[in-house]
Every structure is written in C-alpha cells, then in structure tokens.
Amino acid sequence: QVQLVESGGGLVQAGGSLRLSCAASGRASSAYYMAWFRQPPGKEREPVAGIRSAGSSAYYGDSVKGRFTISRDNAANPVYLQMNTLEPEDTAVYYCAAASRMGPYSSNWSKDRDNYDYWGEGTQVTVSS
C-alpha cells in the first residue's frame, strides 16, 4: 500500500503562484509513476501532469503547459507541482496519484485515471480574479 498526502493548496490571486506537495508513505518505492489530477467545480477529474522519475520527461495537460512544472527526486521524496501564472480556471481540488504498475508512460497512458492505484484526499486551490 502507498499513502499519499497533498499539501500546499490555498487561495491566491490571478497571476500568482503556488507549490503543491505530495508526500508518499508506506511502500513508496512501488510508486513507479506519479501524477497530479484536478477536479474543477461541477466537472470531471482531469489530468494535469505526470512524471516517472527525476530527469525523465514529464506529461502536461494542454491547459497548463508552460505554467506548471512537476518535479520528483526519488520515491522517498515528495512530488511537487509548481504552479505559476495561475488563472481562475485553475480553481479545483488537486489530487496526487501513484501508479504501481509498469507501462509505456506515454501521454495517453498518463491521462488515464484507471492506470493509477493510489490517490490522495486532495487539496483545494482557489484562484480569484
């Protein structure tokens, strides 16, 4: 089992920045692939970013490319999501997810919620205009 705990959410004005953290515990070494998803009010959960390991290429959703950066040192350290130039449309509950299965880790694979075995409880991000 892997337990995920997100932190770093809050209220920020448009144009501001936040950094989210996701701490993994338990069998963290089995979290081969880590990702962030978000669920805006009244909408479905959507992929934001994903990464295999430090130094590997990352996946980003089209709406966050160039503004958000996902990073990860190793399985023992948190996964971060640096969010810059935030927009009101970024308002959502942000969830950390971990996949304990091997895969191609392509963009299509990263976007599929069914590939993730563990989820955090989420952290609220609210961007005011």
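Bear in mind the structure is a predicted one, so any value in this text is a computation, not a measurement. All values below come from the heavy atoms of this structure, side chains included, with hydrogens, waters and symmetry mates left out.
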S.K.: Kindly compute the distance separating CD (Gln1) from CG (Asp117), expressed to the nearest 0.5 Å.
M.R.: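 One finds 9.5 Å between CD of Gln1 and CG of Asp117.
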S.K.: Work out which heavy atom in Met34 is nearest to a heavy atom in Cys22; give both atom names and the distance.
M.R.: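 Looks like CE-SG, 4.0 Å.
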S.K.: Test Glu89 against Thr91 for side chain to side chain donor-acceptor pair (under 3.5 Å), laying out the working first.
M.R.: CA-CA 5 Å; Glu89 292 73 24; Thr91 295; over 6 Å; no
S.K.: Between Ser100 and Tyr118, is a side chain to side chain donor-acceptor pair (under 3.5 Å) present by the stated rule, with each step listed?
M.R.: CA-CA 8 Å; Ser100 61; Tyr118 306 103; 4.5 Å; no
S.K.: Would you compute the distance between atom CD of Glu6 and atom CG of Leu81 and round it to the nearest 0.5 angstrom?
M.R.: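 Here the rounded value is 11.0 Å.
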S.K.: Checking side chain to side chain contact (heavy atoms under 4.5 Å, CB included) for the pair Tyr94/Met83: CA distance, chi angles, key distance, verdict?
M.R.: CA-CA 12 Å; Tyr94 283 71; Met83 307 186 295; 3.8 Å; yes
S.K.: Checking side chain to side chain contact (heavy atoms under 4.5 Å, CB included) for the pair Lys111/Glu46: CA distance, chi angles, key distance, verdict?
M.R.: CA-CA 8 Å; Lys111 292 187 287 187; Glu46 61 185 29; over 6 Å; no
S.K.: I need the Cys96 SG to Ile70 CD1 distance, nearest 0.5 Å.
M.R.: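 Reported value, rounded in 0.5 Å steps: 8.0 Å.
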S.K.: Using the ring of Tyr80 (Phe, Tyr or Trp, six-membered ring only), decide whether Arg19 places NZ or CZ under 6.0 Å from its centre and within 45 degrees of its axis.
M.R.: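 Relative to the ring axis of Tyr80, which defines the angle, Arg19 lies inside both limits.
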S.K.: For Asn84, does its backbone N or O pair with a side-chain atom of Ser17 as donor and acceptor, under 3.5 Å?
M.R.: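 Absent.
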S.K.: Hey, any chance Leu18 and Phe68 share a hydrophobic cluster, counting ILVMFWY side chains that come within less than 4.5 Å of each other, even indirectly?
M.R.: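 Per the 4.5 Å side-chain linkage, Leu18 and Phe68 are co-clustered.
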S.K.: Please report the C-alpha distance between Trp109 and Tyr59 in whole Å, then the side-chain angles of each, then the deciding distance to 0.1 Å, and finally whether the ring-ring contact (aromatic ring centres under 6.0 Å, His included) criterion is met.
M.R.: CA-CA 10 Å; Trp109 188 95; Tyr59 157 80; over 10 Å; no
S.K.: Using every non-hydrogen atom in the two residues, find where Leu4 and Ala24 come nearest and quote the distance to one decimal.
M.R.: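 Looking at all heavy atoms of both residues, the shortest contact is CD2-CB, 3.8 Å.
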S.K.: Please determine, by modelled atom types, if Arg38 and Ser63 share a side-chain donor-acceptor pair under 3.5 angstrom.
M.R.: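 On atom types as modelled, these side chains qualify, holding a pair under 3.5 Å.
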S.K.: Compare all side-chain heavy atoms of Gln82 with those of Ser71 and state whether any distance is below 4.5 angstrom.
M.R.: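 With C-beta onward as the side chain, the pair stays apart.
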S.K.: Taking the six-membered ring of Trp119 as reference, does the cationic atom of Arg45 (NZ for Lys, CZ for Arg) lie under 6.0 Å from its centre and within 45° of its axis?
M.R.: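 Cation-pi check for Arg45 and Trp119: passes.
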S.K.: Give the minimum heavy-atom separation between Arg113 and Phe37, together with the two atoms involved.
M.R.: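 Taking every non-hydrogen atom into account, CG-CE2, 3.4 Å.
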S.K.: Once rounded to the nearest 0.5 Å, what's the spacing between atom CD of Gln39 and atom CD of Gln124?
M.R.: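 With rounding to 0.5 Å, CD (Gln39) is 10.5 Å from CD (Gln124).
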S.K.: Hydrophobic clustering (ILVMFWY, side-chain heavy atoms < 4.5 Å, transitive) - are Ile51 and Val48 grouped together?
M.R.: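 Yes.
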S.K.: Quick one: do Tyr60 and Leu86 end up in the same hydrophobic cluster if we chain Ile, Leu, Val, Met, Phe, Trp and Tyr together by side-chain heavy atoms under 4.5 Å apart?
M.R.: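 Yes.
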S.K.: For the residue pair Tyr116 and Ala35, what are the closest heavy atoms and their distance?
M.R.: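 So the minimum-distance heavy-atom pair works out to OH-CB, 3.4 Å.
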S.K.: How far apart are the C-alpha atoms of Trp36 and Val79, what are their side-chain angles, what is the distance that settles it, and do they pass the side chain to side chain contact (heavy atoms under 4.5 Å, CB included) test?
M.R.: CA-CA 9 Å; Trp36 288 93; Val79 175; 3.7 Å; yes
S.K.: If you compare all heavy atoms of Ala14 against all heavy atoms of Pro88, which two are closest, and at what distance to 0.1 Å?
M.R.: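 So the minimum-distance heavy-atom pair works out to CB-CD, 4.1 Å.
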S.K.: What's the separation between atom OH in Tyr33 and atom CZ in Arg101, rounded to the nearest 0.5 Å?
M.R.: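 One finds 13.5 Å between OH of Tyr33 and CZ of Arg101.
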S.K.: Take Leu11 and Val125 through the side chain to side chain contact (heavy atoms under 4.5 Å, CB included) test and state the conclusion after the steps.
M.R.: CA-CA 6 Å; Leu11 173 65; Val125 171; over 6 Å; no
